[in-house]
There are 2 protein chains.
Amino acid sequence: MPTIRKRSRKRDAILQCLSGTTTHPTAEWIYNELKPDIPDLSLATVYRNLAMFKQAGQIESVGVFGGLEHFDWRTEPHAHLVCRCCGAVIDAEGIELPSALITQLEETSGVRVDSCRITLQGLCPACTQQA
Amino acid sequence: MPTIRKRSRKRDAILQCLSGTTTHPTAEWIYNELKPDIPDLSLATVYRNLAMFKQAGQIESVGVFGGLEHFDWRTEPHAHLVCRCCGAVIDAEGIELPSALITQLEETSGVRVDSCRITLQGLCPACTQQA
DNA sequence: TCTGTAATTGAGAATGATTCCTATTTTGAG
DNA sequence: CTCAAAATAGGAATCATTCTCAATTACAGA
């Protein structure tokens, strides 16, 4: 598992692309976004850098939906909603677990909790209106 | 998307295998579990039936961890913990969102919420002790 | 119980996201 | 400016999952 040691124009562009959108994109989405400006960008580079950013804690994986891993540059805990109609992944504000529940779980079951991922399934605002 | 219309010995065995464990297994785990007793079982049949059970609401997907989709026969809402050390997926009792938060989200953001998946990352009891 | 048809299955090919390989290019400390 | 280490391109390889289709099986009706 390689670590980040140097900068590169492409590495910066990938992180900037991710932090410039709220769409929680996949590796391929980022690749297609950057390809016009960086014609010799390789898809492998996008995957490689996303993995390194993730390991470094600079970005997070939102999860795998429809076989595609989605990423998020916001690393503070927050929930997401995946639209079952259009597949969009959007932030869900204000959704969080009472921390007392986590503490209680750790004390009663002997597990250790590092982080929590909350994913709602439903319809995004646009698809809710059409329904 | 095919629907379940008939029974079969293999189909029953797959569901029974899943409901007889608390390990939230993958398709391949179930296949390996059943193969000795059903030598002509095909991995494709396991995948096919899991997909049909899922669509029928008889089982649920817990999520994709390490590239492998894990399934659960318990369909009532409950959270899970994925061990970052051994990869085990275990039930996390008592972890649930206050329903008022969901209601509030629906009213303020215009989304529709069908269900919720809560996944904790951390250490299972066994790995917590070794740490 | 027998029959016919539609559902189910096995086995392997196909798919598609992700990772690996390695020769080449780039970065950055000194 | 130099040079070793890090990063990259591009295409092959991997691996979970899905598809194909001929053969098998379930089961409603006779």
Side-chain angles (χ1 to χ4, degrees), chain A residues 1-18 23-56 58-72 82 87 89, chain B residues 1-18 23-56 58-72 82 87 89:
Chain A
M1 15 184 143
T3 315
I4 294 178
R5 309 187 190 213
K6 294 183 179 179
R7 310 187 113 213
S8 80
R9 193 177 305 124
K10 286 160 187 172
R11 172 164 298 162
D12 289 347
I14 290 165
L15 189 55
Q16 191 179 343
C17 177
L18 183 55
T23 62
H24 310 90
T26 64
E28 190 147 24
W29 188 93
I30 293 173
Y31 172 78
N32 288 326
E33 195 76 5
L34 296 175
K35 190 68 173 174
D37 289 332
I38 311 176
D40 70 337
L41 179 66
S42 169
L43 184 54
T45 296
V46 178
Y47 275 105
R48 200 173 332 115
N49 279 287
L50 288 174
M52 294 172 93
F53 285 138
K54 184 166 106 177
Q55 179 185 300
Q58 294 189 253
I59 68 172
E60 273 181 11
S61 171
V62 176
V64 177
F65 311 118
L68 290 297
E69 183 160 22
H70 291 253
F71 296 91
D72 194 341
V82 180
V89 180
Chain B
M1 14 182 148
T3 314
I4 294 178
R5 310 188 190 213
K6 294 184 180 180
R7 308 186 114 214
S8 79
R9 191 178 309 124
K10 287 160 187 173
R11 171 163 298 163
D12 290 346
I14 291 165
L15 189 54
Q16 192 179 342
C17 177
L18 183 55
T23 63
H24 309 90
T26 64
E28 188 147 27
W29 188 94
I30 293 172
Y31 171 77
N32 289 326
E33 194 76 5
L34 295 174
K35 189 69 173 173
D37 289 332
I38 311 176
D40 71 336
L41 179 66
S42 169
L43 184 54
T45 296
V46 178
Y47 276 104
R48 225 179 350 232
N49 279 287
L50 288 173
M52 292 172 93
F53 285 137
K54 184 167 107 176
Q55 180 185 302
Q58 294 189 253
I59 69 173
E60 272 182 12
S61 172
V62 175
V64 177
F65 311 118
L68 291 295
E69 182 159 24
H70 291 253
F71 296 91
D72 194 341
V82 180
V89 180

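Just so we're clear, the structure is a prediction, and the values are computed from it rather than from any experiment. The analysis underlying the following values was restricted to heavy atoms, covering all of them including side chains, and did not include hydrogens, waters or symmetry mates. Here is the naming used below: chain letters follow the sequence lines, and residue numbers restart at 1 for every chain.
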Take the protein atom [atom1] of [X] and the nucleotide atom [atom2] of [N], then report the distance between them rounded to whole Å.
X: B/Lys54; N: D/dT17; atom1: NZ; atom2: P; value: 10 Å
X: B/Gln55; N: D/dT18; atom1: CD; atom2: P; value: 12 Å
X: A/Ile4; N: D/dA7; atom1: CD1; atom2: P; value: 8 Å
X: B/Trp29; N: D/dT17; atom1: CH2; atom2: P; value: 16 Å
X: B/Asp40; N: C/dT8; atom1: CG; atom2: C1'; value: 12 Å
X: A/Arg9; N: C/dT25; atom1: CZ; atom2: C1'; value: 12 Å
X: A/Asp12; N: D/dT8; atom1: CG; atom2: P; value: 10 Å
X: A/Tyr31; N: C/dT18; atom1: OH; atom2: P; value: 15 Å

With sequence neighbours excluded, residues passing salt bridge (charged side-chain N to carboxylate O under 4.0 Å, His left out) with A/Glu33: none

Find which nucleotide of DNA chain D each of A/Leu41 and B/Glu28 is nearest to by heavy atoms, and output the residue with the more 5' nucleotide. A/Leu41

Going by heavy atoms closer than 4.0 Å, what residues in residues 62-72 of chain B are next to DNA chain D? B/Gly67, B/Leu68, B/Glu69

Name every residue in residues 46-53 of chain B that has at least one heavy atom under 4.0 Å from any atom of DNA chain D, in order of residue number, or write none if there are no such residues. B/Tyr47, B/Arg48

Listing time: all N or O pairs from protein to nucleotides 28-30 of chain C that are below 3.5 Å?
residue: C/dG28; atom: OP1; partner: A/Arg7; partner atom: N; Å: 3.1

Min side-chain heavy-atom separation [X]-[Y] under 4.5 Å:
X: B/Lys54; Y: B/Leu50; value: no
X: B/Val82; Y: B/His70; value: no
X: B/Thr45; Y: B/Asn49; value: yes

So which heavy atom on [X] is nearest to which on [Y], and how close?
X: A/Ile30; Y: A/Pro25; result: CG1-CG, 3.9 Å
X: A/Thr3; Y: A/Gln55; result: OG1-NE2, 4.2 Å
X: B/Asp12; Y: B/Arg7; result: OD2-NH1, 3.6 Å
X: B/Ile38; Y: B/Ala13; result: CD1-CB, 3.8 Å
X: A/Arg11; Y: A/Lys6; result: NH1-O, 2.7 Å

Nearest to side-chain heavy atoms of B/Arg11, which nucleotide of D/dT17, C/dG10, C/dT8: C/dT8

If a pair satisfies ring pair (Phe, Tyr, Trp, His ring centres under 6.0 Å) and one of its residues is in residues 29-53 of chain B, list it, with sequence neighbours excluded. none

Hey, does the side chain of A/Lys10 come within less than 4.0 Å of D/dA9's phosphate (OP1/OP2), counting only N and O? yes

Applying salt bridge (Lys or Arg N to Asp or Glu O under 4.0 Å), which residue pairs with at least one partner in residues 39-52 of chain B are found, sequence neighbours left out? B/Lys10-B/Asp40

